[in-house]
Amino acid sequence: MPARIEIRGTQDLRRAAAELKAAGDGRLRREMGRQMRTAAKPAVDDAQSNVRGVNTTATRGGGGQARREHAMSRTRSRTERAKRKAYEQRGLRATVARAVRLQMSTGARSASVRIRTQTRHLPPDQRKLPHYVNEGRWRHPVFGDRERWVTQTARPAGWFDSAMRRHGSKVRDGAVKAVNDIITKLAK
């Protein structure tokens with residue numbers, strides 16, 4: 001799926017993760033995670049900004065109700081504030097932008113940085129939309145009428161891919177630098 005980039009387990013990342021576990025120093029592990037997150041944050045921000053700037057050709061209001069209901073189902077409180085937030089932030093682009101997340105993990109065998117669109121933040125029937133918006137076009141029935149289908153387009157296509165191409169090498173370099181810093185600290 002193109003809506004995901006992952007920098008995973010180079011030999012240095014694996015060695016650093018194993019040494020951190022052996023050292024048992026949670027402070028160093030947190031520091032490495034902080035540095036890796038800092039290196040990857042501009043890529044996440046750029047992807048979110050790109051998807052907010054995508055223009056789609058469609059009429060307003062298709063899936064907003066489903067996104068609003070999904071947002072309300074994920075909250076514990078049914079306060080007026082929660083309802084207002086669900087109603088205000090129900091657009092497709094804003095919802096997809098909120099779903100772009102950074103995941104960082106350091107385990108005994110590997111360390112990784114992932115930037116992905118977490119579709120669990122979308123209603124079940126709209127979980128493929130980030131991929132389709134990234135591709136630039138998708139087909140869907142008109143108001144659920146399976147006899148009438150339309151093709152919807154998004155311009156510019158590749159909102160996620162372009163951000164990852166721009167920032168991928170910087171994220172990788174930042175992750176390697178974070179690992180090297182921790183290895184240096186462990187060697188002392």
Side-chain angles (χ1 to χ4, degrees), residues 1-10 13 36-75 84-105 110-176:
M1 182 175 184
R4 170 178 150 177
I5 187 170
E6 184 174 338
I7 298 172
R8 178 177 275 245
T10 63
L13 290 172
M36 292 171 90
R37 273 195 276 308
T38 301
K41 183 86 169 89
V44 173
D45 293 341
D46 193 24
Q48 290 174 336
S49 174
N50 285 353
V51 75
R52 285 186 184 109
V54 167
N55 292 322
T56 58
T57 56
T59 58
R60 180 183 162 94
Q65 179 67 29
R67 285 188 290 276
R68 182 172 52 247
E69 289 171 2
H70 183 71
M72 285 303 295
S73 72
R74 292 180 55 86
T75 184
R84 187 175 65 247
K85 187 175 177 184
Y87 274 82
E88 288 172 355
Q89 299 178 351
R90 66 181 183 152
L92 173 63
R93 293 173 294 186
T95 304
V96 172
R98 281 193 310 275
V100 175
R101 299 289 172 94
L102 169 67
Q103 293 177 327
M104 201 285 310
S105 67
S110 69
S112 67
V113 175
R114 293 179 185 177
I115 301 169
R116 58 191 305 182
T117 304
Q118 293 183 341
T119 56
R120 72 172 183 255
H121 296 287
L122 297 169
D125 63 337
Q126 297 177 12
R127 291 188 173 160
K128 292 184 179 180
L129 282 176
H131 172 73
Y132 293 147
V133 174
N134 190 52
E135 292 291 315
R137 60 187 292 147
W138 65 97
R139 289 180 48 78
H140 62 88
V142 177
F143 295 106
D145 181 3
R146 297 273 176 194
E147 300 294 319
R148 294 180 53 210
W149 286 73
V150 295
T151 299
Q152 192 163 343
T153 59
R155 296 286 178 250
W159 61 270
F160 190 86
D161 295 340
S162 65
M164 296 309 115
R165 275 192 299 274
R166 272 194 304 276
H167 295 282
S169 62
K170 295 174 195 168
V171 172
R172 179 180 270 301
D173 293 344
V176 169

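This structure is a prediction, so every number in the text was calculated from the model and none was measured.
- Here Val133 pairs with Val54, Leu92, Trp138, Ala154, Trp159 under the side-chain contact (heavy atoms from CB on, under 4.5 Å) rule; sequence neighbours left out.
- Going from atom CG of Asp125 over to atom NE2 of His140 covers 12.0 Å, rounded to the nearest 0.5 Å.
- Among all heavy-atom pairs drawn from Ala43 and Ile115, the shortest one is CB-CD1, 3.7 Å.
- Annotation for Ala175 and Met36: closest pair CB-CE, 3.9 Å, computed over non-hydrogen atoms.
- Gln48 contributes a side-chain N or O that, together with a main-chain N or O of Val100, makes up a donor-acceptor pair within less than 3.5 Å.
- Between Ala39 and Gly174, the closest heavy-atom pair is CB-CA, 3.6 Å.
- Under the rule for a side-chain contact (heavy atoms from CB on, under 4.5 Å), the partners of Ala163 that lie at least two apart in sequence or sit in another chain are Asp46, Ala47, Asn50, Arg166.
- Using a 4.5 Å heavy-atom cutoff, the side chains of Asn55 and Arg93 are in contact.
- In this structure Gln118 satisfies the side-chain contact (heavy atoms from CB on, under 4.5 Å) test together with Arg101, Gln103, Arg116, Arg120, His121, sequence neighbours excluded.
- We find the CG-NZ distance between Asn134 and Lys128 to be 15.5 Å, quoted to the nearest 0.5 Å.
- Applying the salt bridge (Lys or Arg N to Asp or Glu O under 4.0 Å) rule to Lys170 yields no partners; only residues at least two apart in sequence or on another chain are considered.
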Name every donor-acceptor pair, under 3.5 Å, that has one atom in a side chain of residues 141-151 and the other anywhere in the protein, sequence neighbours excluded.
residue : atom : partner : partner atom : Å
Asp145  : OD1  : Glu147  : N            : 3.0
Trp149  : NE1  : Arg146  : O            : 2.9
Thr151  : OG1  : Arg139  : NH1          : 3.2

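- In this structure, CE on Met104 lies 10.0 Å from OG1 on Thr38, to the nearest 0.5 angstrom.
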